[in-house]
Amino acid sequence: MLTKKAYESMGKNSFDWLKATYHFSFADYYNPNRMNFGVLRVFNDDIIGANTGFQTHPHKDMEIITYVVDGQLTHADSMGNERKVGRGGVQYMSAGTGVFHSEHNMEDTSIRTLQIWIIPDRKGHTPSYGDHGFQAEDRKNKWLHIVSSKLGDAPIKINQDVNFYVLELDKENEIRFAVDGKRQAYLVQIEGSSQVNDIVLTERGALEIIEEDISIRASEDCHYIIIEMEKEK
């Protein structure tokens, strides 16, 4: 089963320093029909203004993955980490029993990030932080596995049975992705537009996929992220 989530139907918030799109209920946006998709609780598409950012704030019992689409994002936290990540890079944090962190754009132009929250397999994990840079050619016309469970084989491992893949697909190229029985996935068209099976997906749109294989054909140069997980019971 495929269910399209158009960009126009998503929650929006705009401040002097931030333009945010919420795929699920978050902050001032509340939609009882859009609370989560399986263990995927938050997917925020943020454009952060120059020399601004999220001030220090707390998190607890959540796996937080931030994918940088454009620019450089600077992370700092109460564990003593301060790191910067660029396009295609990932910052990830297990908030566990509690942690404070901030995220800033120290550049003179806006940046774009995807902040994704995954509900962990249990509460009370020890907080941890990491980041990882990836080469653009590793996601060029092929799926790049960037996040998995602790038992998986991705370079980034979190406390939940999920898999993240990213892809940059050249215009007119095609690729497939299989979602096996008892699994589901959330596909986001980060950049560009494409045909997914018989559905047209445009920039910043999303697709819920339940137990179905998909075939993607790029209408222009495209950029995707897909989050695959156990099917919601």
Quick one: does NZ or CZ of Lys12 land under 6.0 Å from the six-membered ring centre of Tyr7, within 45 degrees of the ring axis?
yes
Applying side-chain hydrogen bond (donor to acceptor under 3.5 Å, both in side chains), run through Gln195 and Ser219 and close with a yes or a no.
CA-CA 7 Å; Gln195 182 94 12; Ser219 304; 6.0 Å; no
Side chains of Ser148 and Asn163: is there a donor and an acceptor less than 3.5 Å apart?
no
More than 12 foreign heavy atoms under 6.0 Å from NZ of Lys4: is that the case here?
yes
Mind running side chain to side chain contact (heavy atoms under 4.5 Å, CB included) on Ile210 and Val179 for me, showing each step along the way?
CA-CA 7 Å; Ile210 299 176; Val179 180; over 6 Å; no
Non-hydrogen side-chain atoms of Glu191 and Val69 separated by less than 4.5 Å:
yes
Would you check if the side chain of Ser102 reaches a backbone N or O of Thr56 as a donor-acceptor pair within less than 3.5 Å?
no
Any idea which heavy atoms bring Ala218 and Cys222 closest together, and the distance?
CB-SG, 3.9 Å
Can you tell me if Asp161 uses its side chain to pair, donor with acceptor, with the backbone of Asp121 under 3.5 Å?
no
Worked verdict on Arg34 versus Glu208 for salt bridge (Lys or Arg N to Asp or Glu O under 4.0 Å)
CA-CA 12 Å; Arg34 294 293 292 160; Glu208 294 180 354; 2.6 Å; yes
With the side chain counted from C-beta on, respond yes when Asp46 and Lys19 share a heavy-atom pair under 4.5 Å apart, and no when they do not.
no
Measure centre to centre between the rings of Phe26 and Trp117, then say whether the value is under 6.0 Å.
yes
Could you state whether Leu151 and Ile146 fall into the same hydrophobic cluster, counting links through intermediate Ile, Leu, Val, Met, Phe, Trp or Tyr residues with side-chain heavy atoms under 4.5 angstrom apart?
no
How long is the straight-line distance from NZ of Lys60 back to OG1 of Thr97, given to the nearest 0.5 Å?
7.5 Å
Taking the six-membered ring where the residue is Trp, are the ring centres of Phe37 and His23 under 6.0 Å apart?
no
Heavy-atom pair with the smallest gap, counting every atom of Ser193 and Glu220
OG-OE2, 2.8 Å
Run the ring-centre check on Trp143 versus Phe164 and record whether the distance is less than 6.0 Å.
no
From Ile111 atom CD1 to Ile47 atom CD1, the distance as rounded to the nearest 0.5 Å:
10.5 Å
Please confirm whether the backbone N or O of Val99 pairs with a side-chain atom of Ser78, one donor and one acceptor, at under 3.5 Å?
no
Quick one: do Leu144 and Ile116 end up in the same hydrophobic cluster if we chain Ile, Leu, Val, Met, Phe, Trp and Tyr together by side-chain heavy atoms under 4.5 Å apart?
yes
Assess the side chains of Ser149 and Gln160: does a donor N or O sit below 3.5 Å from an acceptor N or O?
no
Could you check whether Glu228 pairs with Arg183 (Lys NZ or Arg NE/NH1/NH2 to Asp/Glu carboxylate O, under 4.0 Å)?
yes
Side-chain H-bond candidate by donor/acceptor type, Asn51 with Asn105, under 3.5 Å:
no
Should the pair Lys231-Glu211 be classified as a salt bridge under the 4.0 Å nitrogen-to-oxygen rule?
yes
Could you tell me whether Lys140 and Asp221 have a side-chain N and a carboxylate O separated by less than 4.0 Å?
no
Path from Trp17 to Tyr29 over hydrophobic side-chain contacts below 4.5 Å
no
Mark yes or no for whether Asn31, through its side chain, and Asn33, through its backbone, hold a donor-acceptor pair below 3.5 Å.
yes
Check the side chains of Asp153 and His145 for a donor-acceptor pair under 3.5 angstrom, ignoring hydrogens and angles.
yes
Inspect the contact between Arg217 and Glu172 and indicate whether a charged nitrogen and a carboxylate oxygen are less than 4.0 angstrom apart.
yes
Do Met79 and Ile64 share a hydrophobic cluster, counting only Ile, Leu, Val, Met, Phe, Trp and Tyr and linking them when any side-chain heavy atoms are less than 4.5 Å apart?
yes
Just by distance, do the side chain of Asp131 and the backbone of Gly89 share a donor-acceptor pair under 3.5 Å?
no
Show your working on salt bridge (Lys or Arg N to Asp or Glu O under 4.0 Å) between Asp45 and Arg112 and close with a plain yes or no.
CA-CA 7 Å; Asp45 191 331; Arg112 183 182 172 199; 2.7 Å; yes
To the nearest 0.5 Å, what is the distance between CG (Leu187) and CD1 (Ile209)?
5.0 Å
Determine, stepwise, if the pair Thr52 / His104 fulfils side chain to side chain contact (heavy atoms under 4.5 Å, CB included).
CA-CA 6 Å; Thr52 63; His104 284 94; over 6 Å; no
Pair Val90-Val85, side chain to side chain contact (heavy atoms under 4.5 Å, CB included): steps then yes or no
CA-CA 7 Å; Val90 177; Val85 173; 5.9 Å; no
Do Asp70 and Arg87 meet the salt-bridge criterion of a basic N to acidic O distance under 4.0 Å?
yes
Using side chain to side chain contact (heavy atoms under 4.5 Å, CB included), reason through Asn197 and Leu2 one step at a time and then give a plain yes or no.
CA-CA 9 Å; Asn197 291 3; Leu2 304 180; 3.5 Å; yes
Would Tyr129 and His75 satisfy ring-ring contact (aromatic ring centres under 6.0 Å, His included), going step by step from the backbone distance to the final call?
CA-CA 10 Å; Tyr129 168 83; His75 164 103; 4.1 Å; yes
Tyr186 and Phe24: aromatic ring centres closer than 6.0 Å?
yes
Ignoring hydrogens and geometry beyond distance, is a side-chain donor-acceptor pair present between Glu103 and Gln115 at under 3.5 Å?
yes
Please check if the side chain of His57 supplies one atom and the backbone of His101 the other of a donor-acceptor pair under 3.5 Å.
yes
Without hydrogens or angle criteria, can the side chains of Asn173 and Asn141 be said to hold a donor-acceptor pair below 3.5 Å?
yes
Heavy-atom distance under 4.5 Å between the side chains of Ile216 and Leu169, does that happen here?
yes
Straight-line distance of Lys84 NZ to Glu82 CD, nearest 0.5 Å:
9.0 Å
Gap between atom OG of Ser215 and atom CG of Asp198 - 0.5 Å precision
11.0 Å
Check whether the side chains of Ser94 and Glu63 place a donor and an acceptor atom closer than 3.5 Å, and report yes or no.
yes
Phe177 and Tyr165 aromatic centres sub-6.0 Å
yes
4.5 Å side-chain heavy-atom contact, Leu114 and Phe43
yes
When you measure from the side chain of Glu232 to the backbone of Asn36, do you find a donor-acceptor pair of N or O atoms at a distance under 3.5 Å?
no
Is there a side-chain contact between Thr3 and Leu207 in this structure, where contact means two heavy atoms from C-beta onward sitting under 4.5 Å apart?
no
Looking at every non-hydrogen atom in both residues, tell me the closest pair between Met35 and Arg41 and how far apart they are.
O-NH1, 2.9 Å
Are Ile65 and Met229 connected in a single hydrophobic cluster, I mean Ile/Leu/Val/Met/Phe/Trp/Tyr linked by side-chain heavy atoms less than 4.5 Å apart?
yes
Verify whether one side chain among Ser194 and Gln189 offers a donor that lies under 3.5 Å from an acceptor in the other.
yes
When rounded to the nearest 0.5 Å, the distance separating CG of Asn159 from CD1 of Ile119 is 13.5 Å
